[in-house]
Amino acid sequence: MSDTNVPTSEYRPQASEQPPTRTTSPREWVRLNLFNTWYNSLLTVVLAPLVGYVIYRALRFVFVTARWEIIEVNLTNFMVGTFPRGELWRVWGAIIILGLVIGLGLGVTSRASAETARARGVAAGTSWSLVARRAAPALLLLVALVVFVRTATPLLLLAAALAVAAGGYVAGRWIPPQHRRWMHIAVVAGLAGSYVVMTQFGGVNLAHWGGLMLTVFLAVGGIALAFPVGIIVALGRRSKLPAIRVVSMLYIELIRGLPLIALLYMGWLILPFLLPIGFPTPGRTWRALIVLLVFTAAYVAEIVRGGLQSIPKGQYEAAQALGLPAWKMMRLVILPQALRNVIPALVGQFISLFKDTSLVLLIALTDLLGVARRVTQQPEFLGQGLHAESLLFVSFIYWVGSYWMSRESQRMEQRLGLGER
Amino acid sequence: MTDTSTSLIRDAWKAGGTGEEMIRCETVDKWFGAFQALRQIDLVVGRQEVVVVCGPSGSGKSTLIRCINRLEKHDAGTIVVDGIELSDDVRNIQEVRREVGMVFQQFNLFPHLTILENITLAPRQVRRLPKDETDSHAMELLERVKIPEQAHKYPAQLSGGQQQRVAIARALAMKPKVMLFDEPTSALDPEMIKEVLDAMVELAESGMTMIVVSHEMGFARAVADRIVFMADSEIVEVGTPEHFFTDPQEERTKLFLSQIL
Ligand SMILES: Nc1ncnc2c1ncn2[C@@H]1O[C@H](COP(=O)(O)OP(=O)(O)OP(=O)(O)O)[C@@H](O)[C@H]1O
Ligand SMILES: [Mg+2]
């Protein structure tokens, strides 16, 4: 492709113009960064032993003094809470189904984006180091879990799930473009299928879900529902119809004025009485999910509204002048730009939702953090002060999840930043 | 047909081009709150005619052409485009917008789409044409505005003149019967103005019906069939380029010409 008349085409300096490369020896680096002034030297001298001591204590705790058997014994509790042990095959079944459709989805999107990149003449392809860095948080979690597993069966099942996911990925990359839309149906079918496996045909009611499984259900469900609902409310707030506008505004202002804990209690204690008589009351877990969704959607709506305001009027006018109907203008021109502008804020909101799911322990659901509290009160661990171990373990899981989301958001920003003005 | 107060404006009713009527504005009024932006506008544009609209800032030029594709809603009078009268009916508006392309001062390309995607978006989504057809048509249009090699870039990677030519190609992709230009060269550096004007001249020669808001008097002299001079929300004078430049009748026209020529 010739770029001859593009003023912005890449400028390659002559060899002689290249900046001189400077190498600093470690010794030099220390001198320049730690001992460059007398007060920095002082700070270094005071802080170095302190930082060293803290790291030493932390490492010593993790590898020497900590009594990790509380995690080993309770690993199943941490993962699924009080889920009936005889029904665990359902969880594994669901994991394998989800692994398959997630792998499939990833495969299809990765091939699609590679094809777009090729069509646009952009160098595509990901290096192995990039893939490794993307997967690093998940791998870290996997290693931690494997360390605590005491029998071979879960390891084998996990390996099977990973193998199925890898198979789905390969199959996804192999699907020709004209059949891609089936992928969405496959993903929805997979979600529905895993739900059926979990709850139907003598399955387990949501009230008995717990541990990491419950946390992930609430977080993923909350994010997946709050995102579209938030967008709809944000559009409603800018609607030309006063009724819709007022309702959206009331909703946002009301929800944002209440603490999440108050809303959770309301969902637990008051919602059943507000429903029409004869209307089946959703279970406690569903009510918690609804509250998390309602709460997060209000914030998402405000974030998206900010994004919509950042789009210049000319974009609307150009789309209208081309004859695009209003909803296509929104979907294809305005929202893609508006959402891209607010990715950091949106992901921040989702990260806080992920961590806020831990508040459901106040309405007597046993999520990951709930399990961490419970296990220290088991007869064999009671009064032994093993809070640190269990809290550290669940904190690590929360951190891995949050860190992974934050990394993915940065990646997405970079990728979508291609057409930055 | 209403008779207008001065004989000079009577030219407003003489459709040029093939003589067939393409756009008719009759006693159009437009208010922004208490401010009247258009007052009793009468204008007929013929098929294949090129009309250049000029006048001082704030005189209502943009408002006039934005009423023709309903980016602004006129308050009184009638506007008929290719036999379709603009009304509140959404389908009517969509139909007119499909016939009328518009090029803006600020280009208004979609920054998140490549050049090719910018051009094919409307044909695919509005006309529902298949991708290979819109892609090859888009490439033809890019050849026509002389930037086929930019097809896979993003708007931000192009110069202003190139972006404006893409904007012209994007509007043409809908195969419109009329093109509206709102000061297409005012946001450009001087060295880029010519490339955009060249594309517009080529378009005019191909027989496109065009209304161009512009102060490029060289362009007006070369390709305009008629020039419309607006001031204070009104059409003050309408005439062929010869009449307009050599023998302006109105004081306001003379004053304006003395300032810009
Ligand atoms: N959306 C609006 N709300 C209120 N007033 C407006 C609006 N758009 C235009 N106006 C006013 O209407 C008048 C005519 O505006 P218009 O943009 O049509 O002028 P113009 O002839 O295109 O001027 P310019 O050469 O500066 O582009 C101006 O006084 C402007 O302030
Ligand atoms: Mg204007």
Side-chain angles (χ1 to χ4, degrees), chain A residues 1-11 113 115-124 177-178 180 240 307 310-343 412-413 415-421, chain B residues 66 68-72 90-91 93-119 121-127 135 146-162 167 170-171 173-174 176 180 182 192 195:
Chain A
M1 206 168 288
S2 104
D3 286 348
T4 40
N5 54 355
V6 191
T8 52
S9 75
E10 214 174 324
Y11 166 72
S113 66
E115 271 166 16
T116 337
R118 201 171 330 122
R120 289 174 183 176
V122 191
Q178 62 270 27
R180 275 197 193 133
K240 283 199 202 92
S310 71
I311 307 302
K313 217 170 115 226
Q315 292 290 311
Y316 292 86
E317 291 179 349
Q320 284 167 351
L322 285 168
L324 287 174
W327 67 276
K328 279 194 173 176
M329 166 178 85
M330 272 298 168
R331 187 167 66 86
L332 300 166
V333 176
I334 306 301
L335 275 177
Q337 297 183 59
L339 293 180
R340 189 190 70 190
N341 289 350
V342 294
I343 288 173
M412 198 147 60
E413 263 178 88
R415 214 174 34 140
L416 299 181
L418 268 177
E420 207 76 61
R421 263 188 216 264
Chain B
R66 289 160 59 86
I68 292 172
N69 68 351
R70 248 311 152 108
L71 289 182
E72 304 285 359
V90 177
R91 267 174 311 158
I93 296 172
Q94 294 296 68
E95 213 171 317
V96 167
R97 282 178 180 165
R98 253 177 286 172
E99 309 274 292
V100 179
M102 188 167 200
V103 175
F104 300 85
Q105 183 174 354
Q106 298 299 337
F107 328 140
N108 294 347
L109 296 180
F110 306 132
H112 62 301
L113 301 178
T114 62
I115 300 309
L116 196 66
E117 291 165 344
N118 262 280
I119 297 174
L121 181 72
R124 290 192 65 186
Q125 297 293 333
V126 182
R127 291 219 190 275
D135 278 4
K146 304 195 170 57
I147 37 175
E149 71 283 0
Q150 311 291 351
H152 297 291
K153 292 196 177 159
Y154 284 93
Q157 294 167 295
L158 268 54
S159 73
Q162 291 171 328
R170 179 176 71 175
M174 284 294 282
L180 307 174
D182 192 357
M192 296 174 189
E195 63 193 46

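Reckoned from all heavy atoms, side chains included, excluding hydrogens, waters and symmetry mates. First the proteins, then the strands, lettered A, B, ... as listed; each starts at 1.
- Going from atom CD of A/Q320 over to atom CE of B/M102 covers 11.0 Å, rounded to the nearest 0.5 Å.
- Under the 3.5 Å distance criterion, the side-chain polar atoms of B/N69 are left unmatched by any main-chain donor or acceptor of A/A321.
- Here the straight-line distance linking atom CZ of B/R127 with atom CG of A/L322 works out to 11.0 Å at 0.5 Å rounding.
- Nearest heavy atom pair, residue B/Q94 against residue A/P325, reads NE2-CA, 3.2 Å.
- Distance check: A/L324 CG to B/M174 CE gives 7.5 Å after rounding to the nearest 0.5 Å.
- Annotation: side-chain contact (heavy atoms from CB on, under 4.5 Å) contacts of B/E95 (sequence neighbours excluded): B/I84.
- Of all heavy-atom pairs spanning B/P111 and A/Q337, the tightest one is CG-OE1, 3.2 Å.
- Residues A/R331 and B/Q125 are in side-chain contact: their nearest non-hydrogen atoms beyond the backbone lie under 4.5 Å apart.
- Contacts of B/E72 classified as side-chain contact (heavy atoms from CB on, under 4.5 Å), with partners at least two apart in sequence or in another chain: B/K30, B/F32, B/R66, B/C67.
- A donor-acceptor contact shorter than 3.5 Å links the side chain of A/Q315 to the backbone of B/L109.
- With values rounded to the nearest 0.5 angstrom, A/M329 atom CE is found 12.0 Å from B/L121 atom CG.
- Ranked by heavy-atom pairs under 4.5 Å with chain A, the list B/E99, B/R98, B/R170, B/Q105 is led by B/R170.
- Pairing each heavy atom of A/A318 with each of B/F110, the nearest pair is CB-CE2, 4.0 Å.
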